[in-house]
Amino acid sequence: MKLNPGQANAVKHISGPCLVLAGAGSGKTRVITLKIAHLVRQCGYQARHIAAVTFTNKAAREMKERVGQTLGRKEARGLIVSTFHTLGLTILKREVTTLGMKAGFTLFDDQDSRALISELTEKEYDGDKDQINLLLNQISRWKNDLILPPQAIKMAESGGEQILAMLYERYQRHLTAYNALDFDDLILLPTLLLKQNEQVRQRWRDRIRYLLVDEYQDTNTSQYELVKLLVGERARFTVVGDDDQSIYSWRGAQPKNLALLQQDFPSLEVVKLEQNYRSTGCILNAANILIANNDHIFDKRLFSELGYGERLRVLYAKDEEHEAERTVAELLSHKFMKRTSYKDYAILYRGNHQSRLIEKSLMTNRIPYKISGGTSFFSRAEIKDMMSYLRLLVNHDDDNAFLRIVNVPKREIGPATLEKLGNYANMRGISLFAASFELGLEQHLTGRGLASLQRFTRWMVELADFAEKGETIEAVRQLVRDINYEEYLYDSSPSPKAAEMRMKNVSELYRWITGMLEGDDLDEAMTLPEVVTRLTLRDMMERNEGDDESDQVQLMTLHSSKGLEFPYVFMIGMEEGLLPHQSSIDEENVDEERRLAYVGITRAQKELSFIVCRERRQFGESFRPEPSRFLYELPQDDLIWEGKTQKSKEEKKKTGMAHLAAMKAMLNKDK
DNA sequence: TCGAAAGACTTTTTT
DNA sequence: AGTCTTTCGA
């Protein structure tokens, strides 16, 4: 397949900074892939001097695969394709000594961070969730803006801010004590390091000589800073982005980084990709008209040459149960008529909880499905337990992990023992694990408690020694055997069937771990500390080879659908309050919700259906939501509202108003 | 110390 | 409504 002029431009421009404004379905992954191939084959770059950065693991995997196909395994060797966070982790891992950190640090996921904050603020907040969230968000914002605790304290303008900044400092001190990092540190620390240390900066600029960034509109301040530091004055990089698909501002993403690029790099070459190769004209037109209601940094107009296609449908359901049943029924009859496969269908929704009823309905109809995204696997108790064991094995100072599993399965180390241990550790300013070995502890803790505790910590130390001698896989195996987790599961689960499920999850995790420790032809073998941090990053999920073969309906949130495409798409829950979500309406941030709808619509290749519930239950209360305003903003001629041949007065008024708003938006844009 | 039962709280999105 | 937490009784 040939490149269109825009794509060719984007691939060939390699001498300086390059921004590719890539509309949905305009073939940007192809551009990135071919550009990497071009760099290697025509421009004399070694693959190991090129890095491509994405935001999700899924995208990274896919890109790795695509490059592997284009270039071949050998030529692609050493190429860095990873998420921003994994790149940060890679840098940190190489520079641990420069940073003065102990190797084998623990990565805290957001639950760990929340637990820590909640513990640290017990006096101030007493477990108040709102306040804890506020603090967590503030800390995240500080870190994303490269502000460390001392600066935060200095900058505080009110007493309230002062307190938050002090708590930030306390949080950071405790992280250090646990030898732990949080997600934001994976960007913050490398950025600061590169900023301050000339030598390290040179090292990485030499390593990464050409940088490509996908989904650039999702970068936050510290990520952009990291990009700038990595590329230096030579500015050999390509970033690809689309401001209409910016759906992560709540996480600090700054779509204005697209515009900043032009200021920071005056020689920036801007390439627009406006031909869509994915969707029918009807779907694309709907998407274009919807998004015209938003403001734009760059103007673009997507077009398709795939023909008009089928009109979009709006289906009604009585309530959310009926919604699930209808969606599945529609899917089934469609599949039957068109002789398609299950994997040609995607069901998209706003919030993870919406998947449950759909799942149920699919299950009763014996339809194979796959839910991607969602935290389910790693938030399962048994997985959290096993991960805590591994974390503690790698980093004895990880108190969070320690507390989680010290008495799971039961080891006669109860709350009383732990409280005394905690007090002592606190007093001495050391970790719980370290405290268990101190002689001074005997004054506070005696007899059985102390004996059980030390039996546990000694066992852990022995196991860690064993692992460090290189017998990692054997050590992990022994750990699972020693704790006799299976028996514990059967004892603690409500039913043998549940225990079996849980044990299956544990085995799955075990397989992943051993697989990562051994490595394969695509990925190098990793050390245990690496494996543990990578697992926390959720980096590795579906490495099941048979995945492409398996024929399953795809279920996912609108957020995690970004970057994917499906022939037939159902968007469920198209109601005010859900999409746009109520909290976004309250915060007057409907634009982002509109982009979310835009992302959903542009996933569809051939046909698209919306489902609206007439009635919905929330917290047991039922209410009657309005259809989403976005449905009224779409071009009504391309839309079939189920069961309505004639528009009612109400609706005419609404669509009229929506069109008026769209026209106004377009007029404003021209000014 | 453990399991059942009542009670609280939930639903925005993710590395 | 469903899930996670806390509490109370054995």
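Because the structure is predicted, anything quoted here is derived from the model rather than measured. Throughout, protein chains are lettered first and strands after them, A, B, ... in sequence-line order, and every chain is numbered starting at 1. The figures here come from the full heavy-atom set of this structure, side chains too, leaving out hydrogens, waters and symmetry mates.
- Nucleotide B/dT15 holds its P atom 18 Å from the NZ atom of A/K143, rounded to whole Å.
- Taking atom CZ of residue A/F623 and atom P of nucleotide C/dA1, one finds them 15 Å apart after rounding to whole Å.
- With rounding to whole Å, A/N57 atom CG is found 13 Å from B/dT14 atom P.
- Taking atom C1' on both nucleotides, C/dT6 is separated from B/dT11 by 22 Å, rounded to a whole Å.
- In this structure, A/T83 reaches the sugar-phosphate backbone alone: every heavy-atom distance under 4.0 Å involves primed, P, OP1 or OP2 atoms, never a base.
- Here the P atom of nucleotide B/dT11 and the CG atom of A/N133 are 11 Å apart, to the nearest Å.
- If you take CD of A/Q245 and P of B/dT13, they are 20 Å apart, rounded to a whole angstrom.
- Closest to the side chain of A/H559, out of B/dT11, B/dT15, B/dT13, is B/dT13.
- Distances from the side chain of A/H353 to the nucleotides B/dT13, B/dT11, B/dT15 place B/dT11 closest.
- If you check every strand for non-hydrogen atoms under 4.0 Å, A/D184 touches nothing.
- Applying the 6.0 Å contact sphere to NZ of A/K256 captures no more than 12 heavy atoms from other residues, nucleotides or ligands.
- You'll find that the side chain of A/S560 is closest to B/dT14, out of B/dT11, B/dT14, B/dT15.
- Listed candidates were C/dG2, C/dA1, B/dT11. Nearest to the side chain of A/R617 is C/dA1.
- As a whole-Å value, the separation of A/L188 CG from B/dT15 C1' is 15 Å.
- Residue A/H85 is in base contact, counting any heavy-atom pair closer than 4.0 Å across all strands shown.
- Protein atom CG of A/D110 is 11 Å distant from nucleotide atom P of B/dT14, rounded to whole Å.
- Taking a cutoff of 4.0 Å between a charged side-chain nitrogen and a carboxylate oxygen, A/K384 and A/D109 qualify as a salt bridge.
- Ring geometry for A/F108 versus A/Y178: interplanar angle of 30 to 60°, hence tilted.
- Aromatic pair A/Y345/A/F566: centroids not less than 6.0 angstrom apart.
- Within the 4.0 Å cut-off from OP1 or OP2 of B/dT11, not a single side-chain nitrogen or oxygen of A/N352 is found.
- Base pairing of B/dT11 is not made with any nucleotide, judged by Watson-Crick or G-U wobble geometry with both donor-acceptor distances under 3.5 Å.
- Within 4.0 Å (heavy atoms only), A/F55 reaches sugar-phosphate atoms of the nucleic acid but no base atom.
- A stacking contact links A/W250 to B/dT13: the aromatic ring centre lies within less than 5.5 Å of the base's six-membered ring centre, and the planes differ by less than 30°.
- To the nearest 0.5 angstrom, A/S222 atom OG is 4.5 Å from A/N144 atom CG.
- Nearest to the side-chain atoms of A/T557 among the listed nucleotides C/dT3, B/dT15, B/dT14 stands B/dT14.
- With ring centers used as reference points, A/H559 lies under 6.0 Å from A/Y248.
- The separation between A/L558 atom CG and B/dT11 atom C1' is 15 Å, rounded to whole Å.
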